[in-house]
2 protein chains.
Amino acid sequence: MESIQLGDAPASKRSPGEELDPAPMYDIIELLFFAYRDFVGDADRLLQNYKFGRAHHRVLHFVNRQPGLKIAEILAILQITKQSLGRVLRELLESGYIEVRPGPVDRRQRLLFPTGKGRRLALDLARLQSKRFARVFEALPPGAYDQAIQFLLEMIDPQERDEIAERLRLNSLSPERQRA
Amino acid sequence: MESIQLGDAPASKRSPGEELDPAPMYDIIELLFFAYRDFVGDADRLLQNYKFGRAHHRVLHFVNRQPGLKIAEILAILQITKQSLGRVLRELLESGYIEVRPGPVDRRQRLLFPTGKGRRLALDLARLQSKRFARVFEALPPGAYDQAIQFLLEMIDPQERDEIAERLRLNSLSPERQRA
DNA sequence: TCAGATACGACAGCCATGTTGACATATTCC
DNA sequence: GGAATATGTCAACATGGCTGTCGTATCTGA
């Protein structure tokens with residue numbers, strides 16, 4: 001692939017050691033905006049067929065990834081209020097993409113599980129978004145995937161970073177939890 | 001920095017040549033979600049002091065980056081309708097962060113310019129977001145910035161990609177347009 | 001055992017930001 | 001002078017957030 005040279009390098013590279021009022025990194029700010037918009041656009045188009053929005057997608061995605069998620073846990077992951085979750089979750093329950101079982105030890109809890117239908121839709125959505133990434137890393141040199149992972153991880157607030165990294169590691173190492 | 005190994009490599013790497021039903025790339029899908037959320041969170045918090053939202057930020061950002069932007073141009077960049085732009089733009093005009101001048105050649109056009117106040121706020125916001133990037137690339141090996149740029153560029157739909165790359169190149173090479 | 005903490009549901013109302021559709025106005029172009 | 005263009009505007013609506021408040025079932029600990 002042709003290497004495109006865009007704008008300025010980060011200010012920290014232009015004058016090492018000097019940190020006074022670095023120039024804003026407009027290029028990467030805008031690229032992240034456009035990249036994210038196109039990324040979510042893929043799923044948005046598919047979701048229209050189901051009359052679902054991004055909010056439904058997020059809930060279904062994390063419930064599918066972590067079956068048995070508690071209400072409080074998904075609120076923490078999505079960082080929304082239970083009132084916001086309420087409507088979206090109700091629609092997912094009523095249309096049979098997610099089901100609820102009481103917590104085996106604490107019966108106040110409502111554990112969320114994807115149904116077969118739910119797993120299928122979540123998988124379709126994930127595959128669609130994965131296609132974009134697959135195309136990206138085919139066009140980029142080897143190692144680009146690992147570099148992108150490190151880049152995105154660093155972008156996340158430090159407090160959440162460890163927790164998220166842990167959740168990702170757990171999910172990729174223990175597929176048996178999918179059958180819980 | 002400690003190199004964290006997360007989950008699986010892309011399916012294309014696990015069995016070269018075979019492309020049937022690759023496993024979804026859950027890790028990078030979720031990392032992009034969390035990374036973007038924290039990224040915009042920075043600006044959101046600052047914007048609260050001004051009673052502005054993300055929509056105002058986007059308009060102010062691009063008007064500041066490309067002074068003299070036409071209405072039709074910013075609609076194309078943001079991919080929203082003029083009705084959506086209307087309210088937000090009116091508030092930015094009334095509160096004096098953006099001003100309008102008729103097109104010198106075509107007087108139907110309303111060219112958008114940031115005011116001094118507008119430039120200051122746009123710069124504050126850009127600096128805030130740049131801080132996150134600066135911290136990221138300090139933690140990452142040299143070359144990570146260029147790699148991230150290439151990654152994000154590839155994530156953008158091909159139709160827009162060239163146009164966006166061109167706009168970024170223009171903006172970083174012709175600062176004199178800032179005085180238009 | 002019982003009082004308080006916890007996990008969750010539900011109602012009401014509000015806000016921000018997007019949409020479509022229809023129509024008005026000024027200007028430019030042929 | 002009529003059509004196309006650039007933009008504004010009004011109305012209605014959808015989505016997805018929010019706060020506040022109250023209710024209920026369940027668990028926990030003194």
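Residue numbering restarts at 1 for every chain, and letters A, B, ... go by the order of the sequence lines.
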* Structure fact -> B/S/- along nucleotides 25-30 of chain C (protein heavy atoms under 4.0 Å) is -BBS--
* Asked: Contact class for Q79(B) vs. all strands (heavy atom < 4.0 Å): base, sugar-phosphate, or nothing?
  -> sugar-phosphate
* Using 4.0 Å as the upper bound for N to carboxylate O, is an ion pair formed by R167(A) and E73(A)? -> no
Go through the structure and list residues passing salt bridge (Lys or Arg N to Asp or Glu O under 4.0 Å) with [X], not counting sequence neighbours.
| X | result |
| --- | --- |
| D42(B) | R45(B), R132(B) |
| R135(B) | none |
| E30(A) | R65(B) |
| R87(B) | none |

* Please list, by residue number, the residues of residues 55-63 of chain B whose heavy atoms come closer than 4.0 Å to an atom of DNA chain C; answer none if no residue qualifies. =>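 Correct list: A55(B), H56(B), R58(B).
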In whole angstroms, how far is the [atom2] atom of [N] from the [atom1] atom of [X]?
| X | N | atom1 | atom2 | value |
| --- | --- | --- | --- | --- |
| E94(B) | dT9(D) | CD | C1' | 14 Å |
| L93(A) | dC8(C) | CG | P | 13 Å |
| D44(B) | dA16(C) | CG | P | 13 Å |
| L92(A) | dG16(D) | CG | C1' | 13 Å |
| L75(B) | dT7(D) | CG | C1' | 9 Å |
| L112(B) | dA6(D) | CG | C1' | 12 Å |
| L47(A) | dA14(D) | CG | P | 19 Å |
| R90(A) | dC8(C) | CZ | P | 17 Å |

* Share the residues that join Y26(B) in a hydrophobic cluster, the rule being Ile, Leu, Val, Met, Phe, Trp or Tyr side chains under 4.5 Å apart at the heavy-atom level. => L123(A)
* Residues in side chain to side chain donor-acceptor pair (under 3.5 Å) contact with R54(B), at least two apart in sequence or another chain ->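 Partners of R54(B) under the side chain to side chain donor-acceptor pair (under 3.5 Å) test: D44(B).
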* **Pairwise ring-ring contact (aromatic ring centres under 6.0 Å, His included) hits with a residue in residues 150-169 of chain B, at least two apart** =>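 Those involving residues 150-169 of chain B are F137(A)-F151(B).
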* Applying ring-ring contact (aromatic ring centres under 6.0 Å, His included), which residue pairs with at least one partner in residues 75-96 of chain B are found, sequence neighbours left out? -> none
* Asked: How about I74(A) and L89(A): do any of their side-chain heavy atoms sit closer than 4.5 Å?
  -> no
* **Non-neighbouring partners of F52(B) that pass ring pair (Phe, Tyr, Trp, His ring centres under 6.0 Å), sequence neighbours left out** => H56(B), Y97(B)
* Closest-nucleotide ordering on DNA chain D, the 5'-leading residue of R54(A) and I71(B) ->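 It is I71(B) whose nearest nucleotide is closer to the 5' end.
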* Structure fact -> Within residues 81-89 of chain B, those residues having any heavy atom closer than 4.0 Å to DNA chain D are K82(B), Q83(B)
